[in-house]
There are 2 protein chains.
Amino acid sequence: MLNFSTYGQTYEQLENTIKKISQLSLIEDSLSDFIVLLEKVEYPKGHILIKAGRVERSVYFIEKGIARAYLDKDDKEITFWFGSESDILLSYNSFFVSQPGYESIELLEDSVLYKISNDILQNLYNNNLQLANWGRKLVESELIKTEERFISRQFKTAAERYKDFINSQPAILQRVQLRHIASYLGISQVTLSRIRADIR
Amino acid sequence: MLNFSTYGQTYEQLENTIKKISQLSLIEDSLSDFIVLLEKVEYPKGHILIKAGRVERSVYFIEKGIARAYLDKDDKEITFWFGSESDILLSYNSFFVSQPGYESIELLEDSVLYKISNDILQNLYNNNLQLANWGRKLVESELIKTEERFISRQFKTAAERYKDFINSQPAILQRVQLRHIASYLGISQVTLSRIRADIR
DNA sequence: CATCAAATTTTACAAATGTTAAAAAATGAA
DNA sequence: TTCATTTTTTAACATTTGTAAAATTTGATG
């Protein structure tokens with residue numbers, strides 16, 4: 001549970017932080033019930049928050065930091081997701097259906113997160129209509145984002161995808177190694193270098 | 001609303017059909033409430049069920065038939081989804097957030113569908129905890145499927161993706177033109193022909 | 001500042017995929 | 001069946017992207 005005094009925050013400060021994350025302002029009436037169930041956690045750069053092959057029982061809200069989800073293919077790592085401030089972080093397939101996940105998630109900066117277990121969340125969902133609908137909307141918005149990325153992969157060239165990326169997530173470009181961005185865009189690092197050279 | 005006598009079905013027959021679709025057996029207690037709100041619709045092959053640029057107010061459950069979602073890119077159509085018996089059919093971004101959708105959905109065979117409007121569904125979600133959680137789980141399972149397709153696009157070769165496709169959806173291969181399958185796999189029809197020739 | 005290690009870019013060549021056009025095969029209506 | 005149309009495959013060539021290795025740049029540290 002959150003220990004407010006430990007972090008020197010008032011409840012109001014915390015509430016403002018949490019509201020920014022994942023449309024939590026939508027559940028105004030239930031917000032305080034929700035907040036007290038969160039656990040604040042901090043990890044250093046390089047920490048592997050979620051490990052492939054395990055069943056993940058927690059979802060995280062990112063207050064500060066950047067994370068990448070990746071999976072191991074042969075001797076390479078394939079990065080397929082970045083998350084930063086105000087994003088939620090979880091292994092979809094592991095968290096939703098309690099199966100071992102295929103992905104790992106690494107923190108790329110020292111990070112501050114709020115954590116809630118699946119057991120607690122399921123209990124909320126089964127007893128609070130407002131939160132159940134908030135959870136549904138949260139997943140709906142993740143689904144739209146994932147589908148849009150999927151489609152753009154299908155009909156845009158590597159150069160177009162890179163330009164989209166620097167327009168939509170310029171901060172990530174500054175904070176993440178280019179080899180991860182190349183992997184995220186589905187191209188080799190050499191191709192990414194060529195695209196960057198052409199743009200210059 | 002469903003008019004049972006029109007279609008010569010008993011309620012029990014209809015319930016069995018509906019249960020097969022989209023894990024609706026999960027909402028045993030609310031199932032009959034849900035079923036009476038469905039409207040059965042039938043359309044011929046070639047019908048455009050959902051048109052890009054419109055706000056879509058309905059979701060469909062496919063009882064019989066095949067559909068493809070596509071978008072127009074320059075003078076080409078990009079197919080990015082197939083649905084058949086037991087799948088749900090909707091424009092994610094249009095239905096979930098009431099925006100004009102970017103995709104069209106065409107029926108590739110004469111089809112039988114059950115339809116429910118977003119207004120009715122939202123009303124159910126806001127008044128029935130069991131249905132709200134069923135809706136959340138439905139979206140969660142769509143999200144897992146979409147993410148898996150996204151990732152496989154990123155690290156599998158065109159040949160691997162084709163083999164995955166014929167293993168996981170052999171029936172679709174028999175029922176859909178190869179040009180649509182090539183588009184779905186993100187490759188040209190020429191490349192698909194080459195892959196098929198190599199396998200033979 | 002000098003040095004080392006890691007990250008990124010560049011080069012050279014190979015492999016995969018795309019484009020266009022044409023040929024072949026399959027489909028479906030009369 | 002025949003014929004016309006559509007779909008699929010093949011061929012030839014162009015372009016994109018990948019791999020491996022070398023060169024360069026960047027960043028951290030003494």
Side-chain angles (χ1 to χ4, degrees), chain A residues 44-46 66 68 70 72-80 82 106-110 150-166 169-200, chain B residues 44-46 66 68 70 72-80 82 106-110 150-166 169-200:
Chain A
K45 174 177 177 172
I66 288 200
R68 74 175 177 110
Y70 64 95
D72 289 301
K73 163 74 173 174
D74 308 326
D75 55 342
K76 289 181 209 166
E77 290 178 353
I78 313 284
T79 295
F80 61 91
F82 292 119
E106 176 191 9
L107 301 177
L108 301 175
E109 298 177 350
D110 296 347
F150 176 76
I151 293 172
S152 96
R153 173 72 49 89
Q154 193 163 357
F155 75 87
K156 291 188 177 173
T157 65
E160 287 173 327
R161 298 203 304 274
Y162 175 68
K163 287 175 195 163
D164 285 352
F165 182 80
I166 56 182
Q169 307 190 65
I172 304 273
L173 183 65
Q174 303 307 318
R175 295 162 73 182
V176 169
Q177 288 183 13
L178 288 173
R179 67 193 175 101
H180 293 143
I181 292 172
S183 177
Y184 177 85
L185 295 173
I187 58 182
S188 69
Q189 194 172 353
V190 173
T191 297
L192 178 56
S193 273
R194 283 193 274 243
I195 290 167
R196 287 163 56 83
D198 286 347
I199 288 177
R200 257 185 281 123
Chain B
K45 174 177 177 172
I66 287 199
R68 74 174 177 110
Y70 64 95
D72 290 300
K73 162 74 172 175
D74 306 327
D75 55 343
K76 290 180 209 167
E77 290 178 354
I78 314 284
T79 295
F80 61 91
F82 292 118
E106 175 191 9
L107 301 177
L108 301 175
E109 297 177 351
D110 296 346
F150 176 76
I151 293 172
S152 97
R153 172 71 49 90
Q154 194 164 356
F155 74 87
K156 291 188 176 172
T157 64
E160 286 173 328
R161 299 202 305 272
Y162 176 69
K163 286 175 195 163
D164 286 352
F165 181 79
I166 57 181
Q169 307 189 66
I172 303 275
L173 183 66
Q174 303 307 316
R175 295 162 73 182
V176 169
Q177 289 183 13
L178 288 173
R179 68 193 174 100
H180 293 144
I181 291 171
S183 177
Y184 177 86
L185 295 173
I187 57 182
S188 68
Q189 192 171 357
V190 173
T191 296
L192 178 57
S193 273
R194 283 194 274 240
I195 290 168
R196 287 163 56 83
D198 286 347
I199 288 177
R200 256 184 281 125

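So you know, we letter chains A, B, ... as the sequences are listed, proteins then strands, and number each from 1. Values below: every heavy atom of this structure, side chains too, minus hydrogens, waters and symmetry copies. None of the values given here were measured: they were computed from a predicted structure.
Distance CD (Gln189(B)) to P (dT10(D)): 12 Å, rounded to an integer number of Å. Between Leu192(A) atom CG and dA7(C) atom P the separation is 15 Å, expressed in whole Å. Between the P atom of dT25(D) and the CD atom of Gln177(A) lies a distance of 19 Å, rounded to the nearest Å. Here the P atom of nucleotide dT10(D) and the CZ atom of Arg196(B) are 10 Å apart, to the nearest Å. We find that CD1 of Ile195(A) is positioned 11 Å from P of dT9(C), with the value rounded to whole Å. Separating the CZ atom of Arg179(A) from the P atom of dA5(C) is a distance of 17 Å, rounded to the nearest angstrom. At whole-Å resolution of the value, CZ in Arg161(A) and P in dT16(D) are 14 Å apart. Rounded to whole Å, atom C1' of dT9(D) lies 13 Å from atom OH of Tyr162(B).
Within the 4.5 Å cutoff, the side chain of Lys163(B) has heavy atoms near those of the Ile199(B) side chain.
In this structure, Arg194(B) and Arg194(A) both approach DNA chain D, and ranking their closest nucleotides by distance from the 5' end singles out Arg194(B).
Among the nucleotides dT8(C), dT10(C), dT8(D), the one closest to any side-chain atom of Ala197(A) is dT10(C). In this structure, the nucleotide among dG18(C), dT9(D), dT10(C) sitting nearest to the side chain of Ser193(B) is dT9(D).
Not one side-chain nitrogen or oxygen of Lys156(B) sits closer than 4.0 Å to the OP1 or OP2 atom of dA16(C). Using a 4.0 Å cut-off, some side-chain N or O of Thr191(A) falls inside it from OP1 or OP2 of dG18(D). Look at Lys76(B) and you won't find any side-chain N or O under 4.0 angstrom from OP1 or OP2 of dG18(C).
Few gaps surround NZ on Lys73(B); more than 12 heavy atoms of other groups in view lie less than 6.0 Å from it.
Arg161(B) contributes no side-chain N or O that, together with a main-chain N or O of Ser152(B), makes up a donor-acceptor pair within less than 3.5 Å. Put simply, the side chain of Asp110(A) gets close to the backbone of Lys45(A): a donor and an acceptor are under 3.5 Å apart.
Residue contacts shown for Ile187(B) are limited to sugar-phosphate atoms, with no base heavy atom under 4.0 Å away.
The side-chain contact (heavy atoms from CB on, under 4.5 Å) test with Tyr162(B) is passed by exactly one of Ile187(B), Thr157(B), Thr191(B), Ile195(B): Ile195(B).
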